[in-house]
2 protein chains.
Amino acid sequence: MSSTGSSKFYGYKGKILRLDLTNKKAVKMEPSPELVRNFISARGFGAKILWDEMKPGTDPLSPESKVVISWSPLTGTTAQSFHRVFVVFKSPLTGGYFRSVGGGFFAAEMKFAGYDGIIIEGRAEKPTYVWIHDDEVEFRDATHVWGMTIDGTTEFLRDETDKEARLLGIGPAGERLVRFACLVTDDYRTPGRGGGGAVWGAKNLKAIIVKASSREVELFNPDAFDKLVEEQTNVYMKSPLFESFNKFGTGGVTYNFYTLGHNPTYNFKQIELENIEVFKTEVQEKYIVKHTGCYGCKISCGKKWKLTKGPYAGYVWDFPEYETQWSFGSTCGVTNLEAILVANNICDRYGVDTISAGAAIAFAMELYEKGIITEKETDGLKLRWGDGDVVIELVRKIALREGIGNILAEGTKRAAEIIGRGAEKYAMHAKALELPAYDPRAAKAHGLSYATSNIGGSHMIGWNHYEILGVPKKVDPFTTEGKGELAKRVQDFIAGYESAGFCAFGGLVTVGYYNDEDKMFELISGLLYAATGIEEFKNPKYLWLVGERIYNLERAFNAREGFTRKDDWVPERIQKVPVPRPPAKGQIFELDKLLDDYYKARGWDIKTGIPTRRKLEEIGLKQVADELEKLGKLPS
Amino acid sequence: MSSTGSSKFYGYKGKILRLDLTNKKAVKMEPSPELVRNFISARGFGAKILWDEMKPGTDPLSPESKVVISWSPLTGTTAQSFHRVFVVFKSPLTGGYFRSVGGGFFAAEMKFAGYDGIIIEGRAEKPTYVWIHDDEVEFRDATHVWGMTIDGTTEFLRDETDKEARLLGIGPAGERLVRFACLVTDDYRTPGRGGGGAVWGAKNLKAIIVKASSREVELFNPDAFDKLVEEQTNVYMKSPLFESFNKFGTGGVTYNFYTLGHNPTYNFKQIELENIEVFKTEVQEKYIVKHTGCYGCKISCGKKWKLTKGPYAGYVWDFPEYETQWSFGSTCGVTNLEAILVANNICDRYGVDTISAGAAIAFAMELYEKGIITEKETDGLKLRWGDGDVVIELVRKIALREGIGNILAEGTKRAAEIIGRGAEKYAMHAKALELPAYDPRAAKAHGLSYATSNIGGSHMIGWNHYEILGVPKKVDPFTTEGKGELAKRVQDFIAGYESAGFCAFGGLVTVGYYNDEDKMFELISGLLYAATGIEEFKNPKYLWLVGERIYNLERAFNAREGFTRKDDWVPERIQKVPVPRPPAKGQIFELDKLLDDYYKARGWDIKTGIPTRRKLEEIGLKQVADELEKLGKLPS
């Protein structure tokens, strides 16, 4: 049986919903067979549609800016970890391509309602929310919920629609155009990074809320599908990486990663952090009162923490992820778990990326330490390292753009430019995206992904399981040898499984079981084929190709916007200052050497870091090469 | 048709549920015909059962202490405003009888589940919640929710029982035995005063959560009942007092009451409050984003406020009632509506009585002003009048018994004793219950109810509609003339309609329409008879008798505990310092004169303020007289 030429793509019975906010028009379109076959779904859809529809030079906060939201043909099925929501847009923080991923139940509900994706465009005249009930799509006034945090917004909009509806929305930070404001689901599984919340805010879009009548997803070959899901479940249960995610979530690694040279302290100064032991799992587990998961996922990586001591006793909230334990913890010198949870709570409710917020606060703390800013600029706050209450107050100020928070809300790169006086030396970002909880000096391929990532300093674009976890095999994290190829491999691997809408934690659990990436792709390919009947997906190698295709297309998007090799950069501290603590003691990040190696592995032009025609044609992106050439951006 | 002798009380098909926490035993009992006929329900049940079952001298925080929770035979019916939850117990604040009333949906759900009341006794070995699903009653471990605020507790316990279950529970303040910790419903309609939360906390009882399968209440004469409900609805719609409650809730009166000499400023110093205009309805209405009501009530006096400016922008929460606008506002010199809402939010979530909390803070602010306490005692906080942030921080400290909050959590009377140095002069309470938002000097009969109330300084026991609203007729609030009789009349009137579980706001709306209390009793009696078929209830005069009976029984309870005339008291400032601002300028509260007049009107002994045998026998409480006599408490 072949789907070629057929108009019926089994797993794509849904429509792509185009929401034109300017004209309050909702148009439903079939995803084209070409889009589906070449980009599969999720991140693939986002990259391709954004490339096709968004003119270079568009201001991310203008009505012309677009947001693509999509998921997978496997979303809403019994398969594990394919229920995530991919948000692709041009970032108001980086000025480049962005992909941000969240979890929860929103994607599954949208799939049940009959959709495979959403394109948001235009700008509503006044605050608006969109209510989707199966085929019906309504643009509704959101003036009454504008200004509300996510909890209040969810409560109000569920009252007006359906008590069990699922929501994706923004908080006050998005409305106030905080450049790293995020989108938040009703259950706080945020597509966190890059400022998607500000893009919605600029469009006067408060929320999309959806309820489907059915819970069904039609499959091409249900029996084959069920068998593969059984195998997948078996893999999860037997994976050596399952238990830690399941018991502790990502918080399970906080202390261990510190001992690997990550969890970088004090704005990447990397001095030893006293009292780091509070992050050990035996301490964290005392806080856990509930395990929560996204739609139908056995990993249940979410934990609810209960605080019973200190000034915040009484709080119960989603635990801070490893990244957040770092961003409001180690990098600010804070070891007060209660304060970290409360800062996380504010971010969730106000819609702020915890990583960028914490990084911006660590940056401000270092400026205060150096005397570059004083209490005059901080509304009297003493920005001392390790003060959890100051962190909480600064998060609030950032979310509401109040005082010093109004500057930090611009992101560290812009904040440094505004402050001047040498502040940029302490702004720890790549392409204006704040660096997260791993030290590039302590894992060179992972760090190379910070530098080369199309979305800036992200840990998710090239999370290096070889260097950090030693799966499928251990690679020396400190050597520069072979790291160009390794960074490329992992970036394409991730883009590959993200084209199927798969979750990174599902990825780690699976590759940790097989110790073989190809085996994992075989499983995903099998699921994709059993669900859709599309021949191309049958071939497990195809995911590698689609991954590389997506990665190159994203690169081309940035090239079209003017990004070149000079933007593949990490801060001076990372490049020149040796790490002072073991095990990475003495390490620096050899940027230029690593970049040369990487571009070579990628088949990109070494001078500009832009894909060559040859590479683009090889992976089916001839038209992209043509357009870059027309714009004078294609390397000669 | 007569119910006499019949075992079937139509409106009392439900059982009284005895929850023995010590032995995890739930026993269901028929309410006895005698109890029903003599005390009807609600406050009547509470007063009678507490009198019968609680030995004098019992420590309210001991296992021997009991709590009676009850509602009305009209609860869950289509009749308006009979769906409140009455909580009766011995108060850890006053050491005397207490009745506290909340709203929401808990009582209706309990009624649907088949119950007319609950008696709580004993002490659970460890944190416990009770799950009631129709006939099934389960004692369950609550260790995981112990320490959580009400929002988290509700979310967790609904997840474990039923998503639509209704809850009555305590927050961290009740667990920490704050003497004015309250009970809170899932929708924050708190039975607020007197420390019921601490009584539950001492019993290790975190919550009662209930879901009924049916929504039916059987009626004696459905047709007659429906007609009366139609009349009641008509009354509501036409009442001149309906609109203000409906549009603004009790916040509609804040500014007006200030101009009447209430809304007493600065801990009853009653200096003019600058910026009082912020409490006008035209300012308040800008905050309102939703109207909410208790089960089936058209008044919808609840409002949700949204904050969009200042440091708390993003909050959406139940608006602060008039009392709370006063307690965190005028009496602390605060005119920051945002801060008042946030303080209210903390009280709701942590389970703290807003009136006592605000009054305790005003007391502390005056001690700080007078230099009786300094920053040494306040953990460095400057307790300056008018500082909303300080109010918020103190509420938090009280709820968690932290620093100065640990002292204030004892209530102003005990706090003054602990602090010494003349602090008691500034403790504005009656019988240790903090005085609320009316100045006794500006309404003498109302003030007389503060002094004589069996539960201490409560505005709800004798809210004087004659003096304050001029309904059913205007009475000069400043004269002492006839105020003994007037205070008695209003106290009995309220106890009368509270024996039927009716709401005070329903009472005001109704009496405001009829301009006649007897007409209102006629309506309620009609509803009671149509619902239950109990002959006695047919007679509208009967409610006056039951009201007086309840009031005297409550008095007898206190007499048995050792209360006498000396406890019918208001602070020196009220008795001796003339009000400095118009319209009550120059007024003091003539305590002794008013008390003499009141006891005479009550037929009580003037020396002791205790009911005489003659009075007790006249109202059907001979056995009460006998017991008081046995204990040597009956006036000779």
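Residue numbers start from 1 in every chain, and the chains themselves are labelled A, B, ... in the order their sequence lines are given, proteins ahead of strands.
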State whether the side chain of [X] and the backbone N or O of [Y] hold a donor-acceptor pair below 3.5 Å, judged by distance alone.
X       : Y       : value
N344(A) : D318(A) : yes
D186(B) : R166(B) : no
D353(A) : C182(A) : no
R401(A) : L177(A) : yes
R176(B) : G171(B) : no

*asked:* Non-hydrogen contacts under 4.5 angstrom with chain A: give the residues of residues 301-313 of chain B involved, or none if there are none.
replied: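 Against chain A, the residues of residues 301-313 of chain B that fall inside the cut-off (heavy atoms, under 4.5 Å) are K304(B), K306(B), L307(B), T308(B), G310(B), P311(B), Y312(B), A313(B).
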*asked:* Using side-chain contact (heavy atoms from CB on, under 4.5 Å), reason through I404(B) and L394(B) one step at a time and then give a plain yes or no.
replied: CA-CA 8 Å; I404(B) 181 87; L394(B) 283 179; 3.6 Å; yes
_Counting heavy-atom pairs under 4.5 Å with chain B, which one of A399(A), P172(A), G314(A) comes out on top?_
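Highest number of heavy-atom pairs under 4.5 Å: G314(A).
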*Decide whether D348(B) and W317(B) meet the rule of one side-chain donor and one side-chain acceptor closer than 3.5 Å.*
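Their side chains do contain a donor-acceptor pair, which is all the 3.5 Å distance test asks for.
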_Side-chain H-bond candidate by donor/acceptor type, Y287(A) with E338(A), under 3.5 Å_ =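 Yes.
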*Electrostatic pair E175(B):K206(B) at N-O distance under 4.0 angstrom*: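 Yes, E175(B) and K206(B) are salt-bridged.
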*Side-chain contact test, heavy atoms from C-beta onward, threshold under 4.5 Å: evaluate it for K211(B) versus E109(B) and give yes or no.*
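A side-chain contact under 4.5 Å exists here.
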*Residue by residue, which of residues 143-160 of chain A have a heavy atom closer than 4.5 Å to a heavy atom belonging to chain B?*
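Hits under 4.5 Å: T143(A), H144(A), V145(A), W146(A), G147(A), M148(A), T149(A), G152(A), E155(A), F156(A), D159(A).
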